[in-house]
Q: 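Here it is: the structure, laid out below.
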Amino acid sequence: MGYANGVLIDHVLRSVTLVTLGFLVAICTGVPLGLWMGWSRKAEAVINPVFLIIRPIPPLAWIPLAILWLGLGDMAKILVIWFAAFVPSVINAYAGVRNLDKTLIEAAQMLGTPFLTFVREILLPGASPMIFTGLRLSLQASWTTLVAAELVGAMTGLGRVLNAAQQDLYPGMILVGMIVVTLCGWLMTAALGVAERRALSWNTASQAGE
């Protein structure tokens, strides 16, 4: 049976896959870039002006260009999701580095701490709370953008369900699509919260001891 070229589980799996891919690509590019900009004044001077130009562009404005470049397939949708999730991940990683305790940085420099050790034991742990804040914002942006991206040219997916239901004047199916999108977003956010608590368990333990 099904609706809009597929049963509900097919639409869910398609949308979750697109969100996950776009989100992962965004954090794998955005977080390192934000850390680099936050740590290196030279990198910030070169990259930040370009970032400030593209930052105000709404993610949905990239849809026509993504379709022109990549067609109506999944890659165009992943590109749009990537941009939506990329910006918050860069901003928060950058802020996390800039909020590091200067005393720790100076002590590490005085002790001659190797750079990789510094990154692993000081930079990343110190910036992690802000990085995870950026990840939550990125995930939310990914889902918001996915639905809009799937309204154009998608054969399956939750955005396709919403678009088809709107054209068929089917409010019940619109509500079903909205509820499923909400549940998927909530479940992925909850999973990210579990990962955050485990990754930052050291921080929680230190606060409990104070």
Side-chain angles (χ1 to χ4, degrees), residues 11-38 43-44 47-97 127-163 166 174 177-196:
H11 295 300
V12 170
L13 291 176
R14 181 75 163 196
S15 293
V16 169
T17 298
L18 291 177
V19 166
T20 302
L21 290 174
F23 175 70
L24 290 177
V25 174
I27 63 176
C28 288
T29 54
V31 172
L33 183 63
L35 294 174
W36 188 27
M37 288 173 56
E44 181 185 10
I47 300 171
N48 198 45
V50 179
F51 182 73
L52 291 176
I53 292 173
I54 66 173
R55 176 184 172 185
I57 301 175
L60 301 187
W62 289 91
I63 292 178
L65 195 57
I67 293 174
L68 184 63
W69 283 346
L70 302 171
L72 295 173
D74 290 345
M75 291 304 298
K77 298 172 182 59
I78 292 172
L79 176 63
V80 176
I81 295 169
W82 167 81
F83 182 80
F86 175 75
V87 172
S89 64
V90 172
I91 293 173
N92 284 273
Y94 172 85
V97 175
S128 289
M130 286 299 296
I131 290 174
F132 273 101
T133 298
L135 297 188
R136 288 196 299 272
L137 295 174
S138 294
L139 185 57
Q140 293 169 9
S142 296
W143 273 104
T144 303
T145 306
L146 167 89
V147 172
E150 284 187 334
L151 291 177
V152 182
M155 297 304 295
T156 56
L158 295 172
R160 166 65 177 162
V161 171
L162 291 170
N163 188 36
Q166 183 266 331
I174 293 175
M178 292 172 62
I179 291 171
V180 174
V181 168
T182 301
L183 288 174
C184 290
W186 178 79
L187 288 172
M188 291 185 70
T189 302
L192 182 60
V194 172
E196 179 180 5

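This chain uses plain numbering: 1 for the first residue, then up along the sequence.
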Q: Measure the spacing between CE of Met130 and OG of Ser128 and express it to the nearest 0.5 Å.
A: 11.5 Å
Q: Report the C-alpha distance between Trp82 and Thr29 in whole Å, list the side-chain angles of each, state the deciding distance to 0.1 Å, and finish with yes or no for side-chain hydrogen bond (donor to acceptor under 3.5 Å, both in side chains).
A: CA-CA 9 Å; Trp82 167 81; Thr29 54; 3.0 Å; yes
Q: First locate atom CG of Leu139, then atom OG1 of Thr144, and finally report the distance between them rounded to the nearest 0.5 Å.
A: 9.5 Å
Q: In Å, rounded to the nearest 0.5 Å, how long is the span from CG of Leu18 to CG of Leu146?
A: 6.0 Å
Q: Just how far is it from atom CD1 of Ile91 to atom OH of Tyr94, taken to the nearest 0.5 Å?
A: 10.5 Å
Q: Give the minimum heavy-atom separation between Ala76 and Gly71, together with the two atoms involved.
A: CB-O, 3.3 Å
Q: Tell me, please, which residues at least two apart from Gln166 pass side chain to side chain donor-acceptor pair (under 3.5 Å).
A: none
Q: For residues 135-148, pull every pair meeting salt bridge (Lys or Arg N to Asp or Glu O under 4.0 Å), keeping only residues two or more places apart or in separate chains.
A: Arg136-Glu196
Q: Which atoms form the tightest heavy-atom contact between Pro32 and Ile27, and what is the distance?
A: CD-O, 3.4 Å
Q: Working to the nearest 0.5 Å, report the span between CG of Leu192 and CG of Leu187.
A: 12.5 Å
Q: Atom CE of residue position Met188 - does it have more than 12 heavy atoms of other residues, nucleotides or ligands inside 6.0 Å?
A: yes
Q: Would you check, one step at a time, whether the test side chain to side chain contact (heavy atoms under 4.5 Å, CB included) holds for Trp143 with Thr182?
A: CA-CA 9 Å; Trp143 273 104; Thr182 301; over 6 Å; no
Q: Taking all heavy atoms of Gly30 and all of Ser89, pick out the closest pair and write down the distance.
A: CA-OG, 3.4 Å
Q: Write down the atom of Ala66, the atom of Val80, and the distance for their closest heavy-atom approach.
A: CB-CG2, 3.9 Å
Q: Which heavy atom of Ile57 sits nearest a heavy atom of Phe83, and at what distance?
A: O-CE2, 3.2 Å
Q: Could you go through the side chain to side chain contact (heavy atoms under 4.5 Å, CB included) check for Ile131 and Asn92 one step at a time?
A: CA-CA 5 Å; Ile131 290 174; Asn92 284 273; over 6 Å; no
Q: Identify the heavy atoms of Glu150 and Leu158 that sit nearest to each other, and give their distance.
A: OE1-N, 3.1 Å
Q: Anything under 30° is parallel, anything over 60° is perpendicular, the rest tilted; go ahead and classify Phe51 against Phe86.
A: perpendicular
Q: If you measure from OG1 on Thr145 to NZ on Lys77, what distance do you get to the nearest 0.5 Å?
A: 13.5 Å
Q: What's the verdict on side chain to side chain contact (heavy atoms under 4.5 Å, CB included) for Leu79 and Trp69, showing C-alpha distance, side-chain angles and the deciding distance?
A: CA-CA 10 Å; Leu79 176 63; Trp69 283 346; 4.0 Å; yes
Q: Walk me through it: do Ile81 and Trp62 pass the test side chain to side chain contact (heavy atoms under 4.5 Å, CB included)?
A: CA-CA 10 Å; Ile81 295 169; Trp62 289 91; over 6 Å; no
